[in-house]
There are 2 protein chains.
Amino acid sequence: MPRIRNKELRKFEKSLPIALLRAREATTRLFKPFIENHDLTMPQWRVLRALAEADALDAKTLAERCVILPPSLTRIFRSLTLRGLIAQVECNDARRHMVRLTDNGRALFEEVVQESEPSYLQLADAFGADRLDTLLDLLNDLRNTVQTMGDTDDQAPPLRKVAGGR
Amino acid sequence: MPRIRNKELRKFEKSLPIALLRAREATTRLFKPFIENHDLTMPQWRVLRALAEADALDAKTLAERCVILPPSLTRIFRSLTLRGLIAQVECNDARRHMVRLTDNGRALFEEVVQESEPSYLQLADAFGADRLDTLLDLLNDLRNTVQTMGDTDDQAPPLRKVAGGR
DNA sequence: TATTGTTATACTCTATAACTATA
DNA sequence: TATAGTTATAGAGTATAACAATA
């Protein structure tokens, strides 16, 4: 059983959220210029990226996959639609807002990918491809672990609506 | 030489920033309630946490360590000072704004740590303490790698002021 | 002249509640 | 009645430029 000592635990406890934040900040700083050069925000880019790998997606799926709240997604839909990068597609369930990339949207996506590829290659070389794989696995597992915890155990306060009137 | 195939690379390329975002989102969701229960925002909490591990720090160091921009930090200083959680300390260099935790600030910090400890323990048990160590190492190395890249190579667009008038 | 921090300002994201439409 | 999404709204973070004070 991997029972850890209180002292070590405390050290990790405090640094995990920060380590994630700082790693993300550095990664973002590296790639954001390529995205902003095309007048896209990071959340908008996540939506394009998610759509590039799936034919069409509804708002709920996109919100979960891209970590974007529904109200933000509504605005992003409006903005990307105005720019002709995405388009709504018909759906059996009329409640669902399903969208796909337009040809222009896909072209823009490919352009950004191509322009940022040298930086990706450079990072992969410098960091090590195998370690990157390991890191990705751990990140995804961490997320799954936390979500499982939320389902089963509830000694923690409720995950929503805690701050009250702020 | 760890030269990776284009296809695999592409797969990773697109998912690293998202994996970091989602892992952070999950971790935040787990611990945020404990912080918000004491009417603290996450950036405010990072400042308290950084100060808890160092006697006193100046704004520049805190900004870098907590990933907070100077203007935000100014507001956070004001807010935490008003609440009596931090206090300014004298400094040789009169330009520097150095702060430390007050007794109340330290007490609040300890309270939050204590309240969230069960969740930390649960996560460490579920995920594995050794894997958490590995993850932390990789995250910190990733950040260092990216920063080193920024120093040496500059085929990428400048890291600041790219979006122009937006 | 360079550095530190604050102010001013604009924009976006975050978050929740309330509402509409569909199932 | 439950679900999907939009609207409204408040608040906080993000980002930059311009300025003040100190070194």
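Chain A is the first sequence line, chain B the second, and so forth, proteins listed ahead of strands; every chain is numbered from 1.
- Heavy-atom nearest nucleotides on DNA chain D were determined for A/Thr61 and for B/Val67, and the one closer to the 5' end corresponds to A/Thr61.
- Distance from the side chain of B/Pro71 is smallest for C/dA8 among the nucleotides D/dT14, C/dG5, C/dA8.
- Taking atom NZ on B/Lys60 and atom C1' on D/dA23, their separation rounds to 13 Å, with Å as the unit.
- Atom-to-atom distance recorded for A/Arg24:CZ and B/Leu139:CG is 13.0 Å, nearest 0.5 angstrom.
- Checking C/dC13, D/dG13, C/dA23 against every side-chain atom of A/Ser72, the shortest atom distance belongs to C/dC13.
- Between the P atom of C/dT12 and the CH2 atom of A/Trp45 lies a distance of 19 Å, rounded to the nearest Å.
- As rounded to whole Å, 15 Å separates atom P of D/dA4 from atom CG of A/Leu57.
- Protein atom CG of A/Leu69 is 6 Å distant from nucleotide atom P of C/dA15, rounded to whole Å.
- Close to D/dT7, at under 4.0 Å from its OP1 or OP2, lies a side-chain N or O of A/Arg78.
- Of the side-chain N and O atoms in B/Thr41, one or more sit less than 4.0 angstrom from OP1 or OP2 of D/dG13.
- Using a 4.0 Å cut-off between charged nitrogen and carboxylate oxygen, A/Arg46 and B/Glu25 do not count as a salt-bridge pair.
- Atom pair B/Met98:CE and C/dG5:P shows a separation of 9 Å (rounding to whole Å applied).
- Residue whose closest nucleotide on DNA chain C sits further toward the 5' end, between B/Pro70 and A/Ala94: B/Pro70.
- A/Leu40 places its CG atom 16 Å from the C1' atom of C/dC11, with the value rounded to the nearest Å.
- The side chain of B/His97 contributes an N or O atom lying less than 4.0 Å from OP1 or OP2 of C/dT6.
- If you measure from atom CG of B/Asp39 to atom P of D/dA12, you get 10 Å, rounded to the nearest angstrom.
- Taking only side-chain nitrogens and oxygens, A/Lys32 never comes nearer than 4.0 Å to OP1 or OP2 of D/dT14.
- In terms of heavy atoms, B/Val99 sits closest to B/Leu51 at O-CD2, 3.5 Å.
- A/Gln88 and A/Thr81 share no side-chain donor-acceptor pair at under 3.5 Å.
- No hydrogens or angles were tested; on distance alone, a donor-acceptor pair under 3.5 Å links the side chain of A/Arg95 to the base of D/dT3.
- Between the CZ atom of A/Arg75 and the C1' atom of C/dC11 there is a distance of 11 Å, rounded to whole Å.
- A/Trp45 has its ring centre no less than 6.0 Å from the ring centre of A/Phe31.
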